[in-house]
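Chain A is the first sequence line, chain B the second, and so forth, proteins listed ahead of strands; every chain is numbered from 1. All of these numbers come straight from a predicted model, not from anything done at the bench.
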Protein chains: 2
Amino acid sequence: MPPLPVTVDSVILTVLEGTLQVLLVRRMDSPFVGLWALPGGFVRPEEPLENAAIRELRESTGVDEVYLEQLYTFGQPQRDTRGRVVSVAYVALLAADRCPIKPQRLEAEVRWWPVYELPELAFDHGAMVEMSLQRVRTKLEYTTIGFQLMPEAFTMAQLQSVYEVILDRSLDKRNFQRKLSLLGLVEPTGDVRKEGRGRPAQVFRFRDVDFVHLRERGIHVPF
Amino acid sequence: MPPLPVTVDSVILTVLEGTLQVLLVRRMDSPFVGLWALPGGFVRPEEPLENAAIRELRESTGVDEVYLEQLYTFGQPQRDTRGRVVSVAYVALLAADRCPIKPQRLEAEVRWWPVYELPELAFDHGAMVEMSLQRVRTKLEYTTIGFQLMPEAFTMAQLQSVYEVILDRSLDKRNFQRKLSLLGLVEPTGDVRKEGRGRPAQVFRFRDVDFVHLRERGIHVPF
DNA sequence: ACTATATAGTGTGTCTATGACACAAAAGCA
DNA sequence: TGCTTTTGTGTCATAGACACACTATATAGT
């Protein structure tokens, strides 16, 4: 049976400027020249799939050591107009403060796009982004992946805002905090943070909590 | 970039004789000659991945039109000793009464194996089965995939037994029925079924309920 | 310094879901 | 007829979910 070209494509998400954003690169080659696409590329002969995703991630963002999860494999014969290519899609979550790519000008070749205002995407990359959003929203409810998007130290308001941005709805402050302290996932560092006006906020960090425990404890995190 | 051979492998599950069983085929060729493996094969050049899974399913069981879901893509370079092969794994759920393959003698080349008493498996197929069990157990809690394993008409005891077999624990009869009727997923056909001794049981069928509703309604089905 | 404004922090009450639990009804069999 | 097997049914106690409003502490402007 003839072998098939295999690529990886990564949906790299971050929360920046109060919205969920995805990293896109502008295509320089045919097909879809000039359109925006997910960063990705061919898998090398002796390279594990995940390593390929990590490599592409490093090439496009300069970062590794991020949360990375396989999303789905897209294999429709017509998804690439040049010929059949099978693509294994990954989702990566990146804390904004660890990311060297700044919110950029519209002319740039690599930039963050708010997921609710995406341009037309090449290939089936729109479907990949859609699926990644569903996955992240769902996992936000029974895992701690949300933490991947936070800096080491943060305030409750920041954390809640990340949840709200991803879930695309507002949450009740008191219920949010109650739940979180009930879970014992965070602890105060002792510091407070003054950000312009308003009462200073306590600063928290994450405690090392086993990722899996949440589901085992039957805990649901949409507040 | 050199292309890679791509295969699909299917974890085909059913509930038979009171246990969850998976369909395995005995390997005739190298490597792993004589070991048991998941049914699978190479993806054809113009064939969508899912179609390849359906084709293999039909070839090994004689059935199509089953619940089929992509599980994960396995791409470690060393997973096949002959050379690198990327495998897209699928999970299929098959109602026992729709399946022509009967529980078979040990010598057969294709047979059901109880998932808790598996032989050594070829390649990384053991990991695939493990992952499929986790997936199915999880989805049992917030979707209606369990229904895929039932015949059209069934009793409450049968339905509960399927849930118990998959979750590998016993459930409370009253709580199970309360939840189920609360969800409005089943309706009595009006018939009763006499099975040997004991009071006859009401027969139910599934109502057409949108698959997605369960999660939207925040419903949890572990009883 | 006083006031206006902005943000942080905190508790209660209601409702619904969950889980534990036991006995009567209807059939077959001896 | 009575013994066995399987079905069918309700309550209560507990925990989690959700809705909801005011006080505390800082800055900015006058």
Scan the side chains in residues 189-200 of chain B for donor-acceptor partners under 3.5 Å anywhere in the protein, sequence neighbours excluded, and list what turns up.
| from | atom 1 | to | atom 2 | distance (Å) |
| --- | --- | --- | --- | --- |
| B:Thr189 | OG1 | B:Asp191 | N | 3.2 |
| B:Thr189 | OG1 | B:Val203 | O | 3.2 |
| B:Arg193 | NH1 | B:Gln158 | OE1 | 3.2 |

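- For B:Phe147 and B:Tyr67, the gap between ring centers reaches or exceeds 6.0 Å.
- Taking atom CG on B:Asn175 and atom C1' on C:dA17, their separation rounds to 10 Å, with Å as the unit.
- Regarding A:Lys173, its NZ atom lies at a distance of 10 Å from the C1' atom of D:dC22, rounded to whole Å.
- Annotation for B:Glu152: atom CD does not count as buried by contact number, only 12 or fewer foreign heavy atoms lying within 6.0 Å.
- Rounding to whole angstrom units, CG of residue B:Leu171 and P of C:dA20 are separated by 11 Å.
- For the pair B:Arg193 CZ and D:dG8 P, the computed distance is 11 Å after rounding to whole Å.
- Across the protein-nucleic acid pair, A:Glu141 atom CD and D:dG16 atom C1' stand 15 Å apart, rounded to whole Å.
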Listing time: all N or O pairs from protein to nucleotides 25-30 of chain D that are below 3.5 Å?
| from | atom 1 | to | atom 2 | distance (Å) |
| --- | --- | --- | --- | --- |
| D:dT25 | O2 | A:Arg199 | N | 3.3 |

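- A:Arg174 places its CZ atom 12 Å from the C1' atom of D:dT23, with the value rounded to the nearest Å.
- Shown here are the salt bridge (charged side-chain N to carboxylate O under 4.0 Å, His left out) partners of B:Arg205, two or more places apart in sequence or in another chain: B:Glu187.
- Within the structure, salt bridge (Lys or Arg N to Asp or Glu O under 4.0 Å) pairs that include any residue of residues 113-126 of chain B comprise B:Arg79-B:Asp124 (at least two apart or interchain).
- In this view, A:Arg98 satisfies the salt bridge (charged side-chain N to carboxylate O under 4.0 Å, His left out) rule with no residue, not counting sequence neighbours.
- Applying the 4.0 Å criterion to OP1 and OP2 of C:dT18, one finds that B:Lys179 has a side-chain N or O inside that range.
- For A:Phe123, the ring-ring contact (aromatic ring centres under 6.0 Å, His included) criterion is met by A:Phe32, A:His125, not counting sequence neighbours.
- In this entry the distance linking CD of B:Gln202 with P of C:dA25 reads 17 Å, nearest Å.
- Comparing C:dT18, C:dG9, C:dG11 by their closest approach to the side chain of B:Arg178 singles out C:dT18.
- Residue pairs meeting the salt bridge (Lys or Arg N to Asp or Glu O under 4.0 Å) criterion with at least one partner in residues 128-137 of chain A, sequence neighbours excluded, are A:Glu69-A:Arg135.
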### Task
Let me have DNA chain D in dot-bracket notation, would you? Count Watson-Crick plus G-U wobble pairs, both distances under 3.5 Å, and use [ ] for pairs crossing earlier ones and | for inter-strand partners.
||||||||||||||||||||||||||||||

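- If you take CG of B:Asp172 and C1' of D:dT7, they are 14 Å apart, rounded to a whole angstrom.
- Listed by chain and residue number, A:Arg58 satisfy the side-chain hydrogen bond (donor to acceptor under 3.5 Å, both in side chains) test with A:Asp64 (two or more places apart in sequence, or in another chain).
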